[in-house]
Amino acid sequence: FIREGSTARNLDALLPAVSPHNARFCSWATDDKQPDDLKRDGHIDHIVRRAVAKGLDPVTAIQMATINTARHYGLNDTGAVAPGYRADLVTFADLDDLRVTLTFAGGRLVARNGRVIRPELNRVAPPLNNMRGDHFLNERSFRIEAQGTQQVRVIGVQPEQIVTLSLEETMHALDGELAADPGRDILKIAVIERHSGTGHIGLGFVHGIGLRDGAIASSIAHDSHNIVVVGASDAEMLAAARAVFDMHGGIAAVRGEQVLASLPLPVAGLMSDRPVDEVREGMRSLLEAAASLGCKLDNPFMQMAFLALPVIPELKLTDLGLVDVNKFDFVSLFVGQDAAREKVTS
């Protein structure tokens, strides 16, 4: 699968690997893609256009978008235009610049030039969404105790990549604790367990988000989807986390105690039940709020969602603590304490 999404963009690096000998086994994927990008650029069709513009044969690009994927997932009645296949079809005028003109589902015309002809309401009630954990949260929940100067591990964010770096930075204690240092772009990060109310909170530091003040939080945090919050102060992190709990899932940006922007995600804390244009405007407000807090990333919320994914190198944070993904094991926030613990254990 060659992925080109909103945050993880790998088309340019991987397209040269596609050849006439292996194209049959290749498909496209977007992974995570934001509503604004979907509305502006499109979905798989956008990847097809980009691949063709970079020199891939148009028929091969379409093959990778249709029958390859259908066969991989065992969908044997779709993926091609042939007798006995489902009439799920699109039409277009130009192989070199694929722009869908008509969309058919089950043989019925459902959209023309990107506009739905006959909208159908979803009559299935969304599942109940339980958010547990806000009762034990307070400002001390984000406290990192220390004595003197400490060498700590820091998650290093790389723009438009979900792979992070494992950095080491010197942090100076104040009143017996380590705080965020926005001047050096070292913010505090927390992952809060939100499904069972265990009270588990993983704490760490992150570089590359860029907030000068405030905090951002989200209940989208791959793959366990706990609440992840990044902030310049413990108080603002608490405000952002509580805003997400109050919405029963969603995304929030705060400054001080003021919620600058928020987007409820009532379906499992992951999805909205509102029209896409409404969600798109909500995300735009959140991105503007994050930019006003000093963030330089195109989409810090998408980037933040992957900081809790402990299967992508190098350093990630879960509700149980930091994970060195290369070792596939938990590590201490404080450099040197792992070796001491192993010595005591042995």
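Remember, predicted model here, so these are calculated numbers, not experimental data.
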Next on the checklist: For Arg280, is there any backbone N or O sitting under 3.5 Å from a side-chain donor or acceptor partner on Asp36?
Outcome noted: no
Item to check | Validation row: Leu297, Pro159 side chains within 4.5 angstrom (heavy atoms) | outcome: yes
Item to check | pair Phe92-Val48: side-chain heavy atoms closer than 4.5 Å | outcome: no
Next on the checklist: Tell me whether Met271 shares a hydrophobic cluster with Ile220, the cluster being built from Ile, Leu, Val, Met, Phe, Trp, Tyr side chains joined at under 4.5 Å.
Outcome noted: yes
Item to check | Asp185 side-chain N/O to Gly208 backbone N/O, donor-acceptor pair under 3.5 Å | outcome: yes
Checklist outcome for this item: Note: Met304 and Val230 closest approach over all heavy atoms is SD-CG2, 3.7 Å
Next on the checklist: Is it the case that the side chain of Glu160 and the backbone of Ala8 share a donor-acceptor pair, with hydrogens and angles ignored and the cut-off at 3.5 Å?
Outcome noted: no
Checklist entry - Given Leu260 and Ser292, is the side-chain contact (heavy atoms from CB on, under 4.5 Å) satisfied, shown in steps? => result CA-CA 10 Å; Leu260 301 178; Ser292 75; 4.0 Å; yes
Item to check | Working for side-chain contact (heavy atoms from CB on, under 4.5 Å), residues Arg50 and Asp12 | outcome: CA-CA 9 Å; Arg50 284 209 59 215; Asp12 291 351; 2.9 Å; yes
Next on the checklist: Nearest 0.5 angstrom please: Leu315 CG to Ile155 CD1, how far?
Outcome noted: 5.0 Å
Checklist entry - Hey, does the side chain of Ser218 reach the backbone of Ile251 with a donor-acceptor pair shorter than 3.5 angstrom? => result no
Checklist entry - Should Leu317 and Val228 be counted in the same cluster of Ile, Leu, Val, Met, Phe, Trp and Tyr side chains packed under 4.5 Å apart? => result yes
Item to check | Test item: Asp77 side-chain N/O and Arg86 main-chain N/O as donor-acceptor pair under 3.5 Å | outcome: no
Checklist entry - With a 4.5 Å heavy-atom cut-off, do Thr170 and His172 have their side chains touching? => result yes
Checklist entry - Would one find more than 12 heavy atoms of other residues, nucleotides or ligands at under 6.0 Å from atom CZ of Arg118? => result no
Next on the checklist: Any heavy-atom pair between the side chains of Ile227 and Val191 that's under 4.5 Å?
Outcome noted: no
Item to check | Enclosure of Glu257 CD (heavy-atom neighbours >12, cutoff 6.0 Å) | outcome: no
Checklist entry - Are Met247 and Leu265 side-chain neighbours, meaning at least one heavy-atom pair lies under 4.5 Å? => result no
Next on the checklist: Is it true that, when you exclude Arg40 itself, more than 12 heavy atoms of the residues, nucleotides or ligands shown sit nearer than 6.0 Å to its CZ?
Outcome noted: yes
Next on the checklist: Distance check, rounded to the nearest 0.5 Å: Gln34 atom CD versus Asp41 atom CG?
Outcome noted: 12.5 Å
Checklist entry - For the residue pair Arg3 and Asp31, what are the closest heavy atoms and their distance? => result NH1-OD2, 2.9 Å
Checklist entry - Are Val325 and Thr164 side-chain neighbours, meaning at least one heavy-atom pair lies under 4.5 Å? => result no
Next on the checklist: Checking the side chain of Arg49 only, and the main-chain atoms of Leu98 only, is there a donor and an acceptor separated by less than 3.5 Å?
Outcome noted: yes
Checklist entry - What heavy-atom pair brings Ala241 and Ala217 nearest, and what distance separates the two atoms? => result N-CB, 4.1 Å
Checklist entry - Can you find a heavy atom in the side chain of Met171 that is under 4.5 Å from one in the side chain of Ile144? => result no
Checklist entry - Quick one: does Glu236's side chain have a donor or acceptor within less than 3.5 Å of a partner on Ala215's backbone? => result no
Item to check | Flag for Ser6-Asn299: side-chain donor and acceptor within less than 3.5 Å | outcome: no
Item to check | Side-chain hydrophobic cluster, 4.5 Å single linkage: members besides Phe104 | outcome: Val81, Leu89, Leu102, Leu109, Ile117
Checklist entry - For the atom pair CG (Asn138) and CG (Leu238), what is the distance rounded to the nearest 0.5 Å? => result 7.0 Å
Item to check | Distance (rounded to the nearest 0.5 Å) between His46 NE2 and Arg99 CZ | outcome: 9.0 Å
Item to check | side-chain contact (heavy atoms from CB on, under 4.5 Å) between Ile216 and Leu286, worked out | outcome: CA-CA 9 Å; Ile216 55 178; Leu286 281 163; over 6 Å; no
Checklist entry - Is the NE2 atom of His135 crowded by more than 12 outside heavy atoms at less than 6.0 Å? => result yes
Next on the checklist: Walk me through whether Trp28 and Leu11 qualify under side-chain contact (heavy atoms from CB on, under 4.5 Å).
Outcome noted: CA-CA 9 Å; Trp28 308 117; Leu11 177 66; 3.6 Å; yes
Checklist entry - Between Ile47 and Leu14, is there a shared hydrophobic cluster once you connect ILVMFWY residues whose side-chain heavy atoms come closer than 4.5 Å? => result yes
Item to check | More than 12 heavy atoms from other groups under 6.0 Å of CZ on Arg112 | outcome: no
Checklist entry - Quick one: ring pair (Phe, Tyr, Trp, His ring centres under 6.0 Å) pairs with a partner in residues 212-263, sequence neighbours left out? => result His222-His225, His222-Phe306
Checklist entry - Going only through I, L, V, M, F, W and Y residues with side-chain contacts under 4.5 Å, is there a path from Val18 to Leu95? => result yes
Checklist entry - Would Lys188 and Asp234 pass as an ion pair if we require N to O under 4.0 Å? => result yes
Item to check | Point-to-point distance, once rounded to the nearest 0.5 Å, from CZ of Arg115 to OG1 of Thr103 | outcome: 13.5 Å
Checklist entry - Would Leu38 and Phe301 show up in the same hydrophobic cluster when neighbours are defined by side-chain heavy atoms closer than 4.5 Å? => result no
Next on the checklist: Quick check for you: to the nearest 0.5 Å, what is the distance between Leu178 atom CG and Phe334 atom CZ?
Outcome noted: 5.0 Å
Checklist entry - Has the side chain of Glu193 got a donor or acceptor atom that lies under 3.5 Å from a matching backbone atom of Arg132? => result no
Item to check | Pro300 to Ala290 - nearest heavy-atom pair and separation | outcome: CG-CB, 3.8 Å
Item to check | Cluster companions of Leu75 among Ile, Leu, Val, Met, Phe, Trp, Tyr (side-chain spacing under 4.5 Å) | outcome: Phe1, Tyr73
Next on the checklist: Treating Asp88 as the side-chain partner and Gly106 as the backbone partner, does any N or O pair qualify as donor plus acceptor under 3.5 Å?
Outcome noted: yes
Next on the checklist: On a heavy-atom basis, which atom in Ala239 and which in Gly256 lie closest, and how many Å separate them?
Outcome noted: CB-O, 3.9 Å
Checklist entry - Are the side chain of Gln158 and the backbone N or O of Val163 linked by a donor-acceptor pair below 3.5 Å? => result yes
Next on the checklist: In the structure I gave you, are the side-chain heavy atoms of Gln161 and Asn10 within less than 4.5 Å of one another anywhere?
Outcome noted: yes
Item to check | Nearest heavy atoms of Ala308 and Ala221, plus distance in Å | outcome: CB-CB, 4.0 Å
Next on the checklist: Check Arg242 with Asp246, please: is the shortest side-chain N to carboxylate O separation under 4.0 Å?
Outcome noted: no
